[in-house]
2 protein chains.
Amino acid sequence: MDQSGMHGDRRLPSTDAPSLAERIRSEMESFTPSEKRAAHLLLSHYPFAGLDTVAEFASRAGISAPSVLRFVTRLGFSGFPDFQKHLREELEAQLLSPLAKASPSDKGQGAPALASFAEAVIGNLRATVENIAPAEFEAVVTLLSDPRRHIHFTGGRFTGALARYAESHFRIVRSHVDFIEGQPALWRDRMVEIGRRDVIVAFDIRRYQEDVTALCETASRQGATVVLLTDPWLSPIARVARHVLPAHIVAPSNWDSSAGLLLLTEALVASVTKRLWDTAKPRMEAVERLRNERS
Amino acid sequence: MDQSGMHGDRRLPSTDAPSLAERIRSEMESFTPSEKRAAHLLLSHYPFAGLDTVAEFASRAGISAPSVLRFVTRLGFSGFPDFQKHLREELEAQLLSPLAKASPSDKGQGAPALASFAEAVIGNLRATVENIAPAEFEAVVTLLSDPRRHIHFTGGRFTGALARYAESHFRIVRSHVDFIEGQPALWRDRMVEIGRRDVIVAFDIRRYQEDVTALCETASRQGATVVLLTDPWLSPIARVARHVLPAHIVAPSNWDSSAGLLLLTEALVASVTKRLWDTAKPRMEAVERLRNERS
DNA sequence: CAGGTTCTGAAATTTCTGATACAGCTTTTG
DNA sequence: CAAAAGCTGTATCAGAAATTTCAGAACCTG
């Protein structure tokens, strides 16, 4: 349902100005380590990082002033003021042509493996958001914000990492949070204490894993509430799940992309944190304190 | 160089920007003749005219340098640098706003919670791709595609999950892949066999974790090649890293978003899989066969 | 592991910019 | 029209910023 030629039309006019940023990117590999640090700082806050003084720039990049000077000299400028002048002019030109803002990254040949992959992932995220009912999302937030519930995260061989990611955040925001390994041998005995007050949040995408399904079915049978994050074709777990949040996962790769699942996870973490802020804040501070003590 | 209290806030001129330009327009009447000339120049090339030197500005406005100084003083700035700083910040805020502008529906907070979060994440992904040199990315792909190398993934308390995610994929594509827990006690003894042929892929974002840094430094000292996936502020690991891939992580949440890191990870997996396809395909089939047997 | 090369930062040096004092000019006002 | 007040520019200075130097450190390379 998406595009043939990767969002084909984009007016190439802008300026055929190679844009300093682009040049830096393409020459990145030829830079020395400290030049790379300078380059990264500049690109990450382009072009504002370069408008400060040499000293400021150097300190923010974590290198010395002379290294900064060498960096701009290497880029072909006669000195730092010359470099800044170029940045200002480029910025002015760019601001005057509103449309030029779009990424000029499609100039290269078929090389942008990363860029085209990113576009596909972004498409997935958009599609994911569109296909989820806000009410469903909110219902899950409410469920996970209930302090009386016990939350268990689990997932398959790839999605297990996402479950861990979720668990590592929720653990800090609230209590009664844990991670369950997918292998039956590891959770069978824990099932005795799973009941009505428990919530299982399962991650499962195609090549659905039988053991995760089994876990959810067992938990459901004992009265637990199951939340499922899956792909649009729905894991069999959907049959026992109270809430289902599907994410688009197809990418130009031999593998599926979990970015949509991560998006949902992070959005849930953000919303629950906000909802529980009164209790979450002291908790987070306490965790922080404990971490610092240990050093 | 970081922040107090959970980094929730990022300082920027933010909302109610009266914009210096507006104020100048409204006070124009009260200016002296030469101040008016300065004001007109500034407004006609706002704000770039103000980013030059005093002398340049004075000359372009057809007045003397001291008049320019008096002008900015009258506007309430402590000096010319102060004035320029304000212009830069205003400009930066304005240029960055297009992203915030994306979600015009901030009225309630029911539905848009997910949607606006998604927009922010998408912005991060775009910015991440923009700031990575294709050559750098390709270099990492090449490194990870070398069958003679041994690849170790590691990460911090949150990013560790991403390292696991990476490991679970690479493990299938190629051999000599593993995951290292961040705690020093768990890796100290493994370090004896880390050497020149090893590659450490570390995930580390702000609230950089000392144990992960220590691991990378130790590995680096023993000749291993370090690849770092981090945020734009660069983990201290960057010091010893051969390759650095920074991802934007700021989201409308109390937490940082790892979506950019996941994007990079998946893109690396996709590229390496393609590059090693001849050997990866049989491997993947074999893995599949083994999994099916077990049932 | 030595010898050579490259890279890097501390400190000295130079350049240049922003700031100020003061005198001349213009405008205002009685 | 004269005196006062207000502007403005020239000349100068102080200080900050960029640049260069140089020695030590890191990194190759044979």
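Any value given below was found using the heavy atoms of this structure, including those in side chains, with hydrogens, waters and symmetry copies removed.
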Could you identify which residues of residues 214-227 of chain B place a heavy atom less than 4.0 Å from some atom of DNA chain C, listed by residue number, or say none? none
How many whole angstroms separate atom CG of B:Leu69 from atom P of D:dG15? 16 Å
Can you check the B:Asp52 CG to C:dC16 C1' distance for me, whole Å? 14 Å
Decide salt bridge (Lys or Arg N to Asp or Glu O under 4.0 Å) for A:Glu119 and B:Arg126; before the verdict, give the C-alpha distance in whole Å, the side-chain angles of both, and the deciding distance to 0.1 Å. CA-CA 8 Å; A:Glu119 282 308 316; B:Arg126 288 232 155 85; 3.2 Å; yes
Whole angstroms only, please: what is the CD-C1' distance between A:Gln84 and C:dT17? 13 Å
What string of B, S and - do you get for nucleotides 3-14 of chain C, 5' to 3', when a contact is any protein heavy atom under 4.0 Å? ----SBBB----
Mapping A:Asp82 and B:Arg37 onto DNA chain D by nearest heavy atom, which one lands closer to the 5' end? B:Arg37
To the nearest angstrom, the CZ-P distance between B:Phe31 and D:dT8 comes to 12 Å
Could you tell me how far apart A:Phe57 (CZ) and D:dA16 (P) are, to the nearest whole angstrom? 23 Å
Is any side-chain heavy atom of A:Pro252 closer than 4.5 Å to one of A:Phe117? yes
Within this structure, what is the CZ-to-P distance between A:Phe80 and C:dT17, rounded to whole angstrom? 14 Å
All ring-ring contact (aromatic ring centres under 6.0 Å, His included) counterparts of B:Phe153, not counting sequence neighbours: B:Phe170
